[in-house]
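Accompanying notes for the structure given below.
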Amino acid sequence: MNNKVVLIGCGNVGSSYAYAIINQRTKVSELVIIDTNKDKALGDVMDLNHSLAFAPSKLKIRVGDYSEVRDAKIVCITAGINQKPGETRLDLISKNREIIKDITNQVMDNGFNGIFLIATNPLDVMTTLVYRFAKEKNPSFKPNQVIGSGTTLDTSRLRYLIGDKLKINPTNIHAYVMGEHGDSEFVPWSNATVGLNPISNYLNQDELEKIYVEVRDSAYRIIERKGFTNFGIGVCLVKITNAILGDENTIITISCYNEDNDIFISQPAIINKDGVREKIKLHLNENEKQLFTKSIDIIKNEL
Ligand code: NAD
């Protein structure tokens with residue numbers, strides 16, 4: 001089966017994605033890595049290949065060029081500048097805009113018609129730009145073919161923190177982070193449950209607020225300590241990859257197209273082989289609706 005993934009950018013995030021692919025027995029059959037730093041790409045490929053004899057996966061990994069995207073199912077973009085201590089994700093816009101434009105144009109010029117998966121920050125702005133640049137090259141390119149990792153990672157952090165506090169398996173925590181993958185993200189607590197019970201049965205308002213702040217500021221706290229974040233996002237990208245290649249119809253909070261505002265922003269959506277099959281409409285309360293609108297305005301203002 002051809003389940004080729006082309007990874008563009010193999011820095012901290014890209015190489016963690018590749019490493020997570022190897023360790024998770026995914027449906028990826030070929031992984032092709034492109035990076036302007038050719039030595040880093042080749043070094044990673046050698047190192048990753050040397051794990052295959054003892055890894056659960058059977059896949060081919062190699063360095064490639066843009067002609068490889070023609071028959072790829074997924075192009076995952078993790079190239080770009082990352083946050084330095086004290087920087088917000090939005091501080092990266094001007095630097096990463098040019099990188100994203102160059103990459104998207106090269107991908108489209110080589111006949112790509114699969115699913116883009118984006119991790120580069122500021123995530124929602126970059127994901128919107130990928131869609132716009134792709135559509136300029138191919139007017140029939142559809143918004144469902146573009147997915148930003150969005151608040152997948154923030155949702156994973158949220159479930160971990162709640163599960164840890166309640167001593168309940170995080171897979172039984174049904175709660176989402178929505179909106180911008182950035183400082184204006186929010187948790188629609190009115191939709192959050194532990195098992196089938198409302199989360200308010202377990203945690204009070206102060207406890208929920210404390211967890212939200214910890215989720216929102218996690219990247220800052222990690223970057224202060226180690227300079228970047230990589231493992232969490234690597235696994236989240238594989239989660240989305242599996243949903244696409246496995247035609248899983250899995251609900252994930254990814255950054256997807258918001259028609260009313262012509263931007264990409266995170267909300268829960270069903271992911272399968274076509275990318276975004278459909279968005280899940282949540283019943284948000286008035287406060288949550290306002291928070292979603294605030295996130296939309298922030299993303300729109302940065303475009
Ligand atoms: P990094 O500096 O370690 O790696 C970036 C890589 O991109 C480098 O290897 C560089 O050579 C390559 N690159 C730059 N321009 C390129 C181009 N035009 N074509 C091909 N390769 C190119 O950075 P990182 O820590 O891996 O972070 C990458 C991006 O991911 C940043 O924007 C960061 O903010 C973002 N990020 C997102 C999330 C998320 O949840 N979405 C989490 C962590 C980091």
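Ligands are counted one by one from 1 in listed order, and the atoms in each one are counted from 1 as well.
The minimum heavy-atom distance between Glu185 and Ser295, with the atom names listed, is N-OG, 4.2 Å. Counting all heavy atoms, side chain and backbone alike, Leu166 lies closest to Leu203 at CD2-CD2, 3.8 Å. Thr151 and Asp154 get closest at one heavy-atom pair: CA-OD1, 3.0 Å.
Looking only at protein heavy atoms, the nearest one to atom 37 (C) of ligand 1 is Ala119 O, 2.9 Å. What sits closest to atom 2 (O) of ligand 1 on the protein, heavy atoms only, is Gly80 O, 3.9 Å. Among protein heavy atoms, atom 11 (O) of ligand 1 sits closest to Asp35 OD1, 2.6 Å. Protein heavy atom in closest approach to atom 44 (C) of ligand 1: Val13 CG2, 3.4 Å. Looking only at protein heavy atoms, the nearest one to atom 13 (N) of ligand 1 is Thr36 OG1, 3.6 Å. Regarding atom 4 (O) of ligand 1, its nearest protein heavy-atom neighbour is Gly11 CA, 3.2 Å. Counting only heavy atoms of the protein, atom 18 (N) of ligand 1 lies nearest to Ile99 CG2, 3.7 Å. The closest protein non-hydrogen atom to atom 34 (O) of ligand 1 is Asn121 ND2, 3.0 Å.
Residue contacts with ligand 1, taken as heavy atom pairs separated by less than 4.0 Å, involve Leu153 solely via side-chain atoms from C-beta onward. If you look at Thr152 next to ligand 1, there are no close heavy atoms at all, none under 4.0 Å. With a 4.0 Å cut-off on non-hydrogen atoms, Asn96 touches ligand 1 through its side chain and not its backbone. Heavy atoms of Ser149 found under 4.0 angstrom from ligand 1 belong exclusively to the side chain.
The line from CD of Glu98 to CG of Leu129 is 9.5 Å long, rounded to the nearest 0.5 Å.
Under the side-chain contact (heavy atoms from CB on, under 4.5 Å) rule, Tyr257 has a single partner from Val146, Asp262, Ile147, Val276, which is Asp262.
Judged purely by atom type and a 3.5 angstrom limit, Asp217 has no side-chain atom pairing as donor or acceptor with the backbone of Tyr220.
By the 3.5 Å distance cut-off applied to N or O atoms, Tyr66 is not counted among the residues near ligand 1. The shortest N or O to N or O distance between His181 and ligand 1 is under 3.5 Å. Among the atoms of Gly150, none of the N or O lies under 3.5 angstrom from an N or O of ligand 1. Looking at Asn82 next to ligand 1, an N or O pair under 3.5 Å apart turns up.
Proximity to Thr78 (heavy-atom distance under 4.0 Å) selects the following atoms of ligand 1: 28 (C), 29 (C). For ligand 1 and Thr229, the ligand atoms under 4.0 Å from any heavy atom of the residue are 42 (C), 43 (C). Ligand 1 places these atoms under 4.0 Å from at least one heavy atom of Ile233: 38 (C), 39 (C), 40 (O), 41 (N), 42 (C), 43 (C).
Both Leu52 and Leu7 belong to a single network of hydrophobic side chains, linked directly or stepwise wherever heavy atoms of I, L, V, M, F, W or Y lie under 4.5 Å apart. The hydrophobic cluster containing Ile77 does not contain Val45, counting ILVMFWY residues as joined when their side-chain heavy atoms lie under 4.5 angstrom apart, directly or transitively.
The nearest non-hydrogen atom to atom 32 (O) of ligand 1, considering only Ile34, Leu92, Ile33, Ile81, comes from Ile81.
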Pair Asn105, Lys137 - check side chain to side chain donor-acceptor pair (under 3.5 Å), show working. CA-CA 7 Å; Asn105 285 343; Lys137 291 280 181 184; 4.6 Å; no

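Summarising the local packing, OH of Tyr160 is surrounded by 12 or fewer heavy atoms from other residues, nucleotides or ligands at distances under 6.0 Å.
Taking the six-membered ring for Trp and the full ring otherwise, Tyr131 and Phe264 have centroids separated by under 6.0 Å.
Between Lys210 and Asp206, none of the side-chain N atoms (NZ, or NE/NH1/NH2) sits under 4.0 Å from a carboxylate O, so this pair counts as no salt bridge.
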